[in-house]
Amino acid sequence: MSKLRTQVGIIGGGPAGLTLAHLLHLQGIESIVLERHSREYVETRVRAGVLEQGTVDILCGSGVGERLKREGLEHQGVELRFDGRGHRIDFQELVGKSITVYAQQEVVKDLILARLGYKAPTYFEAGATRIEDYDANPKIHFRWSDEDHEIACDFIAGCDGFHGICRPAVPSEQLQIHERHYPFAWLGILAQVAPASHELIYTYHQRGFSLLSMRSPEISRLYLQCAPDEDIEKWSDERIWDELRTRMAKREGFVLKDGPIMQKGLTPMRSFVASPMQFGKLFLLGDAAHIVPPTGAKGLNLAVADVRVLTRGLVEFYKRGNREALEQYTERCLRRVWKCERFSSWMTSMLHRFPQEDSFSHHIHVAELDYVTSSRAASTALAENYVGLPFDTPELF
Ligand code: APR
Ligand code: PHB
């Protein structure tokens, strides 16, 4: 068994853990990253792919944005489609910002490459098994290469996602959980075909929601609302394309070309917030603390926003001996988290069919979409949230 020591022990090598490790490194703060899966696994895991402008700025400003700038697809708007008609929300015109489509696993690859480039300690296939004494002398126990190891650190960053060990390590009476489950899921595909639109299309249809997104000029990413316990085996490629065509149809016609499906998966829909997000010297970040349904494309962006707040707090602590920003971590993060929870659950409710909806509810969905797309005030509110609300602290870079 080996005993290691660092300033910040980071559990989880997803976007939250890797971004935090990178920003701390640039500030001269040491960390060790533990990731229970292999490098290959985290670099190929298919997840969402929309980056807010603020997230792009952090990645580019910290020197890991070279490929993102080259390969990311900058979008200046999205389409909302309902009643067989498309309505564009023009972000650039309404709020002067844009979003970038760049897959989460590409962000993860870029961060791992940077970290390995400066040889900072990063353990893959290293699952943390237990954390200890996070109020006073934090320790992380982990298993790596068939042996037990231990890290003593000043702080623990719980970046271990929704199913990690950090949140459950806190006594339940110290945690408040706020959650909502949605009675549907998304069936997502990655297909080898040019996207049928150069911008994202969110569609409300009586048969349910659908979404057209993309990963590159040759690869489409599409989603269909389905039952939460949907049997994916019952969805042949042909059935998926037929259903997508039905839901995305336009009165004047819309061509959705099909192509080979490279990957199929189910995404559950959940809203979840744990509060507080800090316990002594343990901090929770990203999915370990909160989940949003993917309709607003906020998951990764919220994780990066937490990282921004914690980095600032740790810099204040290590460089100036000031604990104030660390003490305000939960409060600062949750202000943004709750606004993103609100936006994501609003987008989800507006665009999906709930079980037992009647014709009245259908007309309310359509009226709400009609209002959002025809009122400049309402379109601006959607655009402002979609591209990312402003941060209330100055830029790190
Ligand atoms: N020890 C080490 N690593 C762990 C442990 C553990 N005990 N438990 C979980 N992990 C790792 C997971 O394998 C995963 O790679 O923690 C990582 C958590 O990463 P994510 O689930 O990606 O969560 P996060 O980094 O918070 O990213 C935010 O944005 O798009 C959304 O939900 C999406 O993952 C995304 C999220
Ligand atoms: C995606 O491209 O995977 C994607 C895009 C927008 C969303 C969710 C997922 O709202």
Side-chain angles (χ1 to χ4, degrees), residues 9-21 32-39 41-52 55 73 75 78 99-108 111-112 122-131 140-144 151 156-169 186 188-190 195 199-202 209-216 219-223 263 265 267-270 272 277 284-307 340 343-344 347-348 351 386:
I10 301 180
I11 307 182
L18 291 166
T19 309
L20 177 68
I32 296 178
V33 176
L34 301 178
E35 167 53 52
R36 82 166 152 206
H37 287 295
S38 67
R39 177 175 175 189
Y41 180 93
V42 294
E43 288 189 345
T44 50
R45 186 165 44 182
V46 177
R47 291 259 186 87
V50 173
L51 308 184
E52 293 175 356
T55 303
L73 308 167
H75 288 192
V78 287
I99 52 148
T100 300
V101 175
Y102 187 67
Q104 176 170 317
Q105 71 268 24
E106 303 306 321
V107 173
V108 163
L111 287 162
I112 290 177
T122 312
Y123 294 81
F124 291 99
E125 299 177 69
T129 48
R130 188 162 64 85
I131 58 174
I140 303 170
H141 297 267
F142 71 103
R143 185 115 189 119
W144 183 67
I151 305 173
I156 299 177
C159 303
D160 49 351
F162 188 66
H163 301 287
I165 62 153
C166 291
R167 196 182 63 251
W186 283 5
I189 61 163
L190 205 57
E199 286 179 346
L200 272 64
I201 306 174
Y202 287 82
F209 168 80
S210 64
L211 169 62
L212 182 149
S213 180
M214 65 282 301
R215 289 292 175 269
S216 71
I219 307 281
S220 300
R221 176 85 171 134
L222 295 127
Y223 298 95
Q263 203 260 357
T267 308
M269 306 283 282
R270 180 193 285 124
F272 176 97
M277 289 169 59
L284 302 179
L285 296 91
D287 279 15
H290 41 73
I291 299 282
V292 284
T295 327
K298 290 280 163 247
L300 181 148
N301 297 293
L302 262 188
V304 172
D306 294 346
V307 167
C340 290
F343 176 67
S344 306
M347 286 280 281
T348 303
L351 287 159
Y386 200 95

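One-based numbering, in listed order, for ligands and for the atoms of each.
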* To do: Supply the atom-to-atom distance M214 CE to I219 CD1, rounded to the nearest 0.5 angstrom.
  => 12.0 Å
* Which protein non-hydrogen atom lies closest to atom 30 (O) of ligand 1, naming both residue and atom, and how far is it? -> Q104 OE1, 2.7 Å
* What's the shortest distance from atom 2 (C) of ligand 1 to any protein heavy atom, and which residue and atom give it? -> R36 N, 3.3 Å
* Y102 heavy atom under 4.0 Å from ligand 2 -> no
* Considering non-hydrogen atoms only, spot the tightest contact between A48 and R215 and give its length. => C-NH2, 3.6 Å
* Enter the distance from E52:CD to L302:CG here, rounded to the nearest 0.5 Å. => 7.5 Å
* Can you tell me the protein heavy atom closest to atom 19 (O) of ligand 1 and the distance? -> G14 CA, 3.5 Å
* Take every heavy atom of M347, measure it against each atom of ligand 2, and state whether any distance is under 4.0 Å. => no
* Between T129 and ligand 1, which part of the residue brings a heavy atom under 4.0 Å of the ligand: side chain, backbone, both or neither? -> neither
* **N or O pair under 3.5 Å between Y223 and ligand 2** => yes
* Please indicate whether any nitrogen or oxygen in P15 is less than 3.5 Å from any nitrogen or oxygen in ligand 1. => yes
* Asked: Which residue and non-hydrogen atom of the protein lie closest to atom 25 (O) of ligand 1, and at what distance in Å?
  -> A16 N, 2.9 Å
* Asked: Can you tell me the protein heavy atom closest to atom 9 (C) of ligand 1 and the distance?
  -> D160 O, 3.1 Å
* Asked: Can you find an N/O atom of H163 closer than 3.5 Å to an N/O atom of ligand 1?
  -> no
* List every atom of ligand 1 that sits less than 4.0 Å from any heavy atom of G161, numbering the atoms from 1 in the order shown and giving each element. => 18 (C), 21 (O), 23 (O)
* **Structural part of R45 in contact with ligand 1, heavy atom criterion under 4.0 angstrom** => side chain
* Asked: Taking non-hydrogen atoms only, is R47 closer than 4.0 angstrom to ligand 1 via side chain, backbone, both or neither?
  -> side chain
* Asked: Of the backbone atoms (N, CA, C, O) and the side-chain heavy atoms from C-beta on, which set of A126 has a member under 4.0 Å from an atom of ligand 1: side chain, backbone, both, or neither?
  -> backbone
* Look at the side chain of R143 and the backbone N and O of G127, then say whether any donor-acceptor pair between them is shorter than 3.5 Å. => no
* Asked: For atom 2 (O) of ligand 2, what's the nearest protein heavy atom and its distance?
  -> S213 OG, 2.6 Å
* Structure fact -> Of all protein heavy atoms, the one nearest atom 31 (C) of ligand 1 is L300 N, 3.4 Å
* To do: Please assess H290 against D306 for the test side-chain contact (heavy atoms from CB on, under 4.5 Å), listing each intermediate value before the final yes or no.
  => CA-CA 10 Å; H290 41 73; D306 294 346; 2.7 Å; yes
* Structure fact -> Numbered in order shown, the ligand 1 atoms found under 4.0 Å of a heavy atom of G12 are 3 (N), 11 (C), 16 (O), 17 (C)
* Asked: Considering only protein heavy atoms, which is closest to atom 8 (C) of ligand 2, and at what distance to one decimal place?
  -> P294 O, 3.3 Å
* Atoms in ligand 1 with a heavy atom of G164 nearer than 4.0 Å -> 8 (N)
* Can you see which heavy atom on L20 is nearest to which on C159, and at what distance? => CD2-SG, 4.3 Å
* Asked: Per the side chain to side chain contact (heavy atoms under 4.5 Å, CB included) rule, which among I32, L18, V33, D160 passes with I10?
  -> V33
* ligand 1 and A128, any nitrogen or oxygen pair closer than 3.5 angstrom? -> yes
* To do: Please state whether V101 comes within less than 4.0 angstrom of ligand 2, counting heavy atoms only.
  => no
* Spatial distance of atom CD (E35) from atom CD1 (I112) [nearest 0.5 Å] -> 8.0 Å
* Asked: Any N or O of Y386 that comes nearer than 3.5 Å to an N or O of ligand 2?
  -> no
* **Atom indices of ligand 2, in the order listed, that fall short of 4.0 Å to a heavy atom of R215** => 1 (C), 2 (O), 3 (O)
* Asked: Looking only at N/O atoms, are A303 and ligand 1 under 3.5 Å apart anywhere?
  -> no
* Asked: Of the protein's non-hydrogen atoms, which lies at the shortest distance from atom 5 (C) of ligand 2, and what is that distance?
  -> V50 CG2, 3.5 Å
* **From OG1 (T19) to CG (L300), nearest 0.5 Å** => 7.0 Å
* Structure fact -> Residue, atom and distance of the protein heavy atom nearest atom 6 (C) of ligand 2 read Y202 OH, 3.3 Å
* With heavy atoms of C159 as the reference, note each atom of ligand 1 found under 4.0 Å away. => 16 (O), 17 (C), 18 (C)
* Asked: Between atom CZ of F343 and atom OH of Y386, what is the distance when rounded to the nearest 0.5 Å?
  -> 7.5 Å
* Asked: Is A297 touching ligand 2 with its side chain, its backbone, both, or neither, if touching means heavy atoms under 4.0 Å apart?
  -> both
* **Straight-line distance of I291 CD1 to F162 CZ, nearest 0.5 Å** => 5.5 Å
* Asked: Mind checking whether A48 has an N or O less than 3.5 Å away from an N or O of ligand 2?
  -> no
* **I11 neighbourhood, listing ligand 1 atoms whose heavy-atom distance to it stays under 4.0 Å** => 1 (N), 2 (C), 6 (C)
* Heavy-atom closest pair, residues G158 and A288 -> O-CB, 3.6 Å
* Asked: Counting from 1, what ligand 1 atoms have a heavy atom of G286 closer than 4.0 Å?
  -> 26 (O)
* **Donor-acceptor pair, side chain of S344 and main chain of G296, under 3.5 angstrom** => no
* To do: Run the numbers for me: atoms of ligand 2, each under 4.0 Å from some heavy atom of L200, listed by number.
  => 5 (C), 6 (C)
* To do: Looking only at protein heavy atoms, identify the closest one to atom 26 (O) of ligand 1 and say how far it is in Å.
  => D287 N, 2.9 Å
* Protein contact to atom 15 (O) of ligand 1 [nearest heavy atom, distance to 0.1 Å] -> E35 OE1, 2.6 Å
* **N/O separation below 3.5 Å, A48 to ligand 1** => no
